[in-house]
Amino acid sequence: MVKTSIVFSTDDKIKDSAIVSEQVHNSMNSYSIIFLDNEMLVAIKAPGASNQSYDQVRMTAGDIARSLRKQKIEKAVVHASRLTKAFDELNAGDVLTAFVEGWELGAYQFLRYKSDQESFKTELQVLEGKQTFVEAGKIRAAAMAFSRDVTNEIPSALSPSTFPSIIQKEFDGTDVEVNVLDKAEIVNRKMNGVLTVCRGSIHEPSFVELMYRGDETKPLIALVGKGVTFDSGGITLKRGKDISGMRMDMGGSAAVLGAMKLLSESNADVNVVALIPIVENMPDRKAVIPGDVIHYKNGLNVQVGNTDAEGRLILADGLIRAGELEASYVVDIATLTGSIGNALGSKLAGVFGDVDLSRKMHEIGRKNGDFNWPMPLVDAYDNYLDSDYADFNNTSGKGEAGSIVAALFLRRFVPENCRWLHIDMAGVMASQENGYYSKAASGFGARLLADYTVDVSK
């Protein structure tokens, strides 16, 4: 078996060799692969006290896992005590969890359609470490990996017809109850946003509800995830040389599903429901025409000014459903606007809504790696949604503040007597190969939503 050991620049084995110590110290990367006394070692450059973070731990572990995978190294061994000593400014148990999590995610591959590649993973063995922290890292990584899997999947394999069965299979045998609403039930419940958006597709819509009752004495938290399995833009057709990335327009639903998987497998003491409207947005002779009006169950009438602003139309039904369930906290998450990427780039999602909770979400993301930033709900932009013949429009004719206007649209459907947040993750749904990220779906949101649910349930 080809194996290696993971050591640190502060270890005596490294410090005792001036040449090796200098090599590790001068490396441009956070680690170096070296050979010392006929042994292959991965030497991690110990960070200074002011530079330590849990995401640095994850990124380093992910980089190493990928590098060793490419070299077909079968096993790597790390001593927990040395790892926690190197990151001594952080909680020891959380460091161990973060390292395992980063390792598992760095090893992630989506190879279903790569005919010339086979999956390979370098096994990580943790010595002396408390297994509860190791297992926590694996559970967190598995939840995020599931989010990546469904987001990476191709539209013919993951559609409104097949997505519900994929969800049922994943949660079969768990404490999560899955209820799938078919088109007939969606019609019965007057989920008219969902019914309108899906009209041009050959696939009938679905609406999936997942309930996890870890502790029914806790306030009910509703997680609403946008499930557009492919977004062509509808009649307002998208333009571009390659829009295959629009298969990832269900990234919000993937985040919600990953969160539910993480919460259930962690046996979290929470009371949570996931609400996922699932559609495909396609142009067809039956597709919704710009100018049509949707009559929502709560009495609001919405002009469809742009069929490519479809996500908010189906999230509206999810928010109405959260109100029917009397959720105390509601979070909706979606790849909603290109504007959020223009504002925050590809490293931060935008969070709108309750000011105190958006700050809490920001702090949770700083620790767990799902970075986000509180965004304003500017009332002065609310009239950008005005319509001449309906209650309001689904989009704005102004060329500014697109992500804020989208959030203001959703705010009109937020149930009374709940605390609400909206997460626009359009800028962060995909990633480049770096640290524990691969080049494809990022898996953003699974950890963020799960950790937020646990935090507000305390």
Side-chain angles (χ1 to χ4, degrees), residues 108-115 117 143-170 194 197-208 224-258 261 274 276-284 287 306-315 318 332-338 340-341 346 349 423-433 437-446:
Y108 173 87
Q109 294 177 284
F110 186 80
L111 301 177
R112 194 163 299 161
Y113 305 102
K114 292 280 191 179
S115 58
Q117 294 186 33
M144 192 169 169
F146 176 58
S147 292
R148 290 178 177 181
D149 280 345
V150 292
T151 309
N152 284 326
E153 191 53 272
I154 62 175
S156 58
L158 190 142
S159 69
S161 300
T162 62
F163 200 3
S165 61
I166 292 171
I167 295 170
Q168 288 173 317
K169 181 179 179 181
E170 183 65 27
V194 172
V197 173
C198 77
R199 274 173 27 192
S201 174
I202 61 172
H203 301 286
E204 292 191 345
S206 53
F207 192 102
V208 179
V224 185
K226 173 185 171 184
V228 179
T229 60
F230 188 82
D231 180 20
S232 70
I235 295 298
T236 317
L237 195 65
K238 291 182 181 293
R239 292 176 293 176
K241 292 181 179 179
D242 184 352
I243 63 169
S244 57
M246 286 300 101
R247 75 191 190 280
M248 296 187 181
D249 209 24
M250 37 62 65
S253 64
V256 167
L257 291 170
K261 182 177 174 69
I276 304 175
I278 303 175
V279 299
E280 184 183 68
N281 186 24
M282 298 292 285
D284 183 80
N306 188 317
T307 64
D308 195 23
E310 85 297 333
R312 64 201 72 180
L313 298 177
I314 65 172
L315 288 173
D332 73 75
I333 183 167
T335 50
L336 207 63
T337 69
I340 199 66
S346 61
I423 303 174
D424 192 338
M425 58 171 286
V428 297
M429 72 175 179
S431 58
Q432 296 299 312
E433 186 175 275
Y437 291 100
S438 58
K439 187 179 180 180
S442 65
F444 179 93

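As the structure is a prediction and not an experimental result, all values here were calculated from the model. As a basis for the values below, the full set of heavy atoms in this structure was taken, side chains included, without hydrogen atoms, waters or symmetry mates.
Applying the side-chain hydrogen bond (donor to acceptor under 3.5 Å, both in side chains) rule to Thr337 yields the partners Asp424; only residues at least two apart in sequence or on another chain are considered. Every side-chain contact (heavy atoms from CB on, under 4.5 Å) that Gln432 has, sequence neighbours left out, goes to Lys439. Every residue two or more places apart in sequence or in another chain was checked for a side-chain hydrogen bond (donor to acceptor under 3.5 Å, both in side chains) with Gln168, and none qualifies. Taking the side-chain contact (heavy atoms from CB on, under 4.5 Å) definition, one finds that Thr236 meets it with Pro290, Asn306, Thr307, Asp308, sequence neighbours left out. Scored by the side-chain contact (heavy atoms from CB on, under 4.5 Å) test, Ser232 finds Phe230, Leu237, Met282, Pro283 as partners (sequence neighbours excluded). Residues forming a side-chain hydrogen bond (donor to acceptor under 3.5 Å, both in side chains) with Thr335 (at least two apart in sequence, or on another chain): Asp249. Under the salt bridge (charged side-chain N to carboxylate O under 4.0 Å, His left out) criterion, Arg247 pairs with no residue at all, not counting sequence neighbours. For Ser201, the side-chain hydrogen bond (donor to acceptor under 3.5 Å, both in side chains) partners two or more places apart in sequence, or in a different chain, are Glu280. For Ser346, there are no side-chain contact (heavy atoms from CB on, under 4.5 Å) partners two or more places apart in sequence or in a different chain.
Judged by distance alone, with hydrogens and angles left aside, the side-chain atoms of Ser253 form no donor-acceptor pair with the main-chain N or O of Gly225 at under 3.5 Å. A distance-only check finds a donor-acceptor pair linking the side chain of Asn152 to the backbone of Ala441 [under 3.5 Å]. Looking only at distances, a side-chain donor or acceptor of Thr162 sits under 3.5 Å from a matching main-chain atom of Ala157. When atom types are taken as modelled, the side chain of Ser159 and the backbone of Ser161 share a donor-acceptor pair closer than 3.5 angstrom.
The salt bridge (charged side-chain N to carboxylate O under 4.0 Å, His left out) contacts involving residues 161-170 comprise Glu170-Lys261, where partners must be two or more places apart or lie in separate chains. Listed by first and then second residue, the salt bridge (charged side-chain N to carboxylate O under 4.0 Å, His left out) pairs that reach into residues 143-157 are Arg112-Glu153, sequence neighbours excluded.
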*Go through the steps to decide whether Met250 and Ile278 satisfy the test side chain to side chain contact (heavy atoms under 4.5 Å, CB included), and finish with yes or no.*
CA-CA 8 Å; Met250 37 62 65; Ile278 303 175; over 6 Å; no

*asked:* The test is side chain to side chain contact (heavy atoms under 4.5 Å, CB included); show your working for Leu315 and Leu336 and say whether it passes.
replied: CA-CA 10 Å; Leu315 288 173; Leu336 207 63; 4.0 Å; yes

*Could you go through the side chain to side chain contact (heavy atoms under 4.5 Å, CB included) check for Asp231 and Lys238 one step at a time?*
CA-CA 8 Å; Asp231 180 20; Lys238 291 182 181 293; 3.2 Å; yes

